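This structure is in structure tokens; I'll ask about it shortly.
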Amino acid sequence: MFFEAVVIGILCYLGALSTPWLLGLTGGWYTLSRPLVSGMLVGIVLGDIQTGIMVGVAVQAVYIAMVTPGGSMPADLNFVAYPAVALGIMSGQGVEVAVAIAATIGIAGTIIFNFMMVLNSYWNHRADLSVDDGDDKGVYMNTAIYPQITNFLMRFIPTFIAVYFGNQYIEGFMASLPDLVINTMTVLGGILPAVGIAILLKQIIKESSMLIYFLVGFVGIVFLNLNMVGLVMIGALFALLHYNYKPDPQPTAVTPNQVMDDDEDEF
């Protein structure tokens, strides 16, 4: 597992929030760190693409509505995308258990992320001193190179340890757990994707009547057994109808006082 652990560790670093090498956030954080993408990549590395994609899709549903305002993260999606997905695949206990493992590691990953931010404040201080001394090279090293070395170590080392040593112990550890614990993790792992979808719906639905579109999709999948291609075509049709035939907003009545205020503003 040495080669696999090294590759997954490098992918984890390349997809980190503060790694600039893959078109900045576009290729790294917003592409490589999406579990939908990382599940396939980790599956290729571990030799089980099908399980990797299935785990990635399930984990992606949990974090589909997660935002990181100002770098504040409720869970470290980067650690979810790589060491957590890898351990979920290697556990061999199914997608639901893999989702529960990913959620646990994602929360623990915020500790490492916050510790890295504390370390980067030291490089900031060093950069300020270099500015005062007129040391251009010192400014460059303390703002571009040293923080990236810190970022690499904080991403690569935990991921490498989790994948390299986890492969030896994860299967035995999962096999030693009581059935009650496994069943509990399975239930929680099945609920978490629904929670992620619910958070997303709460963010994007402006009117409660729009929930009917979601329910139509639910009926199409559960009762009509449509595949994703057919459901996307129906969704595109509903989007077109909603866009073309939604009622125009009613014009608001203009009072004489508003007319006078507009005239004064123009003057």
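Because only heavy atoms are used, hydrogens play no part in the values below, and waters and symmetry mates are left out as well, while side chains stay in. These numbers were taken from a predicted model, which means no experiment stands behind them.
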Exercise. Looking at side-chain heavy atoms only, is the closest gap between L32 and Y82 below 4.5 Å?
Worked result: yes

Exercise. Any side-chain heavy atom of W29 sitting closer than 4.5 Å to one from L77?
Worked result: yes

Exercise. Between I221 and M228, is a side chain to side chain contact (heavy atoms under 4.5 Å, CB included) present by the stated rule, with each step listed?
Worked result: CA-CA 8 Å; I221 290 292; M228 291 305 298; 4.3 Å; yes

Seminar exercise, completed: Residues at least two apart in sequence or cross-chain that pass side chain to side chain donor-acceptor pair (under 3.5 Å) with N120, listed by chain then number, are none

Problem set entry | Residue list, side-chain contact (heavy atoms from CB on, under 4.5 Å) with L46, at least two apart or on another chain | M1, E4, I8, V42, A86, I89, M90

Problem set entry | Test item: N114 side-chain N/O and T110 main-chain N/O as donor-acceptor pair under 3.5 Å | yes

Problem set entry | Minimal non-hydrogen separation, I101 against G88, with atom names | CD1-CA, 4.5 Å

Exercise. Can you list every pair that meets side chain to side chain donor-acceptor pair (under 3.5 Å) and has a residue in residues 33-46, with sequence neighbours left out?
Worked result: S33-N78

Problem set entry | Smallest separation among heavy atoms of F79 and G109, with atom names | CD1-CA, 3.8 Å

Problem set entry | Test item: L22 and T31 side chains (from C-beta on) under 4.5 Å apart, heavy atoms | no

Exercise. Are F2 and F160 near enough that their ring centres are under 6.0 Å apart?
Worked result: yes

Exercise. Any side-chain heavy atom of S130 within less than 4.5 Å of one from M141?
Worked result: no

Problem set entry | Close side-chain approach of L17 to L25, heavy-atom, < 4.5 Å | yes

For this session: State which residues pass ring-ring contact (aromatic ring centres under 6.0 Å, His included) with Y146; sequence neighbours excluded, sorted by chain then number.
Result: W123

Extract all donor-acceptor atom pairs below 3.5 Å that involve side chains of residues 51-60 and protein atoms in other chains or at least two apart in sequence.
residue	atom	partner	partner atom	Å
T51	OG1	D48	OD1	3.0
T51	OG1	D48	OD2	2.8
Q60	OE1	L36	N	3.2

For this session: Output every pair passing ring-ring contact (aromatic ring centres under 6.0 Å, His included) with a member in residues 196-223, not counting sequence neighbours, ordered by first then second residue.
Result: Y213-F238, Y213-H242

